[in-house]
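Sequential numbering from 1 along the given sequence is applied to the chain's residues. Heavy atoms only: backbone and side chains are in, while hydrogens, waters and symmetry mates are out.
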Amino acid sequence: MKKRLSIYKTFTVILLPIAVIYQLLWSQIFTHILTEHWTLDKQNLLTQIKFASEFIIYSLMLFVLIKFTHKPNKYMAYSIYSILLLVLFITGKALAISLQLL
């Protein structure tokens with residue numbers, strides 16, 4: 001049996017910093033693009049790309065936590081899963097709105 005990672009350490013040391021760096025990179029993209037010629041079509045396309053990539057990244061994070069981590073405390077695991085599910089729901093709704101599905 002393979003040794004599994006701690007869910008708390010995986011979330012706080014690996015996945016949370018990845019999410020923060022990802023958001024910081026997007027803030028830099030939006031900051032620098034806003035200084036150039038900015039059209040509504042470019043804005044819509046860029047936000048759709050951002051939401052779709054966020055949905056994929058956060059889905060992969062949830063999968064990694066479920067599949068590859070050791071969960072000594074099931075309530076802590078469920079609370080972490082709930083946080084990621086909430087973020088996925090919000091991101092999915094924002095993506096659906098930007099694609100005019102809602």
**Student:** Kindly indicate, with the supporting measurements, whether the criterion side-chain contact (heavy atoms from CB on, under 4.5 Å) is fulfilled by L5 and H70.
**Tutor:** CA-CA 6 Å; L5 301 168; H70 170 66; over 6 Å; no

**Student:** How far does NZ of K93 sit from OG of S98, to the nearest 0.5 angstrom?
**Tutor:** 13.0 Å

**Student:** Would L46 and I29 count as a side-chain contact (heavy atoms from CB on, under 4.5 Å) if you check the C-alpha gap in whole Å, the side-chain angles of each, and the deciding distance to 0.1 Å?
**Tutor:** CA-CA 10 Å; L46 199 56; I29 289 170; 4.1 Å; yes

**Student:** Tell me the closest heavy-atom pair linking I66 and T69, and the distance in Å.
**Tutor:** N-OG1, 4.5 Å

**Student:** Could you go through F51 and I97, starting from their C-alpha distance and side-chain angles, then the distance that decides it, and tell me whether this counts as side-chain contact (heavy atoms from CB on, under 4.5 Å)?
**Tutor:** CA-CA 10 Å; F51 291 144; I97 289 171; over 6 Å; no

**Student:** With heavy-atom distances below 4.5 Å as the criterion, would you say the side chains of L25 and F30 are in contact?
**Tutor:** no

**Student:** Checking side-chain contact (heavy atoms from CB on, under 4.5 Å) for the pair M61/I18: CA distance, chi angles, key distance, verdict?
**Tutor:** CA-CA 10 Å; M61 287 180 176; I18 289 172; 3.7 Å; yes

**Student:** Examine V87 and L15 and state if one hydrophobic cluster contains both, with Ile, Leu, Val, Met, Phe, Trp and Tyr joined whenever side-chain heavy atoms are less than 4.5 Å apart.
**Tutor:** yes

**Student:** Taking S79 for its side chain and M76 for its backbone only, find out whether a donor-acceptor pair lies under 3.5 Å.
**Tutor:**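 It does hold such a pair.
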
**Student:** Going only through I, L, V, M, F, W and Y residues with side-chain contacts under 4.5 Å, is there a path from F55 to L60?
**Tutor:** no

**Student:** Are L65 and Y78 connected in a single hydrophobic cluster, I mean Ile/Leu/Val/Met/Phe/Trp/Tyr linked by side-chain heavy atoms less than 4.5 Å apart?
**Tutor:**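 Yes.
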
**Student:** Does atom OH (Y8) have a neighbourhood of more than 12 heavy atoms from anything else shown, all under 6.0 Å?
**Tutor:** no

**Student:** Considering all heavy atoms of both residues, which atom of S27 and which atom of L24 are nearest to each other, and what is their separation?
**Tutor:**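 Smallest heavy-atom distance, with atoms named: OG-O, 2.6 Å.
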
**Student:** Name all residues meeting the side-chain hydrogen bond (donor to acceptor under 3.5 Å, both in side chains) criterion together with Q23; count only those two or more places apart in sequence or in a different chain, and write none if there are none.
**Tutor:**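 In terms of side-chain hydrogen bond (donor to acceptor under 3.5 Å, both in side chains), with neighbours along the sequence ignored, Q23 is linked to K50, E54, Y58.
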
**Student:** Do L45 and W26 sit in one hydrophobic cluster, given that two such residues count as connected whenever their side-chain heavy atoms are within less than 4.5 Å of each other, even indirectly?
**Tutor:** yes

**Student:** Determine, using the 4.5 Å side-chain heavy-atom cutoff (strictly less than), whether V13 and I83 are members of one ILVMFWY cluster.
**Tutor:**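 In one cluster: no.
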
**Student:** Output the distance between atom CG (L40) and atom NZ (K42), rounded to the nearest 0.5 Å.
**Tutor:** 12.0 Å

**Student:** Does Q100 CD have over 12 foreign heavy atoms under 6.0 Å away?
**Tutor:**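 For Q100, atom CD is not crowded (no more than 12 foreign heavy atoms under 6.0 Å).
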
**Student:** Measuring from atom OG1 of T47 to atom CG of L99, what distance do you get when rounded to the nearest 0.5 angstrom?
**Tutor:** 8.5 Å

**Student:** For the atom pair CD1 (I57) and CG (L88), what is the distance rounded to the nearest 0.5 Å?
**Tutor:** 11.0 Å

**Student:** Could you tell me whether the side chain of K71 reaches within less than 4.5 Å of the side chain of Y81, counting heavy atoms only?
**Tutor:** yes

**Student:** Between CG of L16 and CD1 of I80, what distance do you get to the nearest 0.5 Å?
**Tutor:** 10.0 Å

**Student:** Rounded to the nearest 0.5 Å, how far does CG of L95 lie from CD1 of I56?
**Tutor:** 9.5 Å

**Student:** If the condition is side-chain hydrogen bond (donor to acceptor under 3.5 Å, both in side chains), which residues does S53 pass it with, not counting sequence neighbours?
**Tutor:**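 Result, side-chain hydrogen bond (donor to acceptor under 3.5 Å, both in side chains) vs S53: Y22.
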
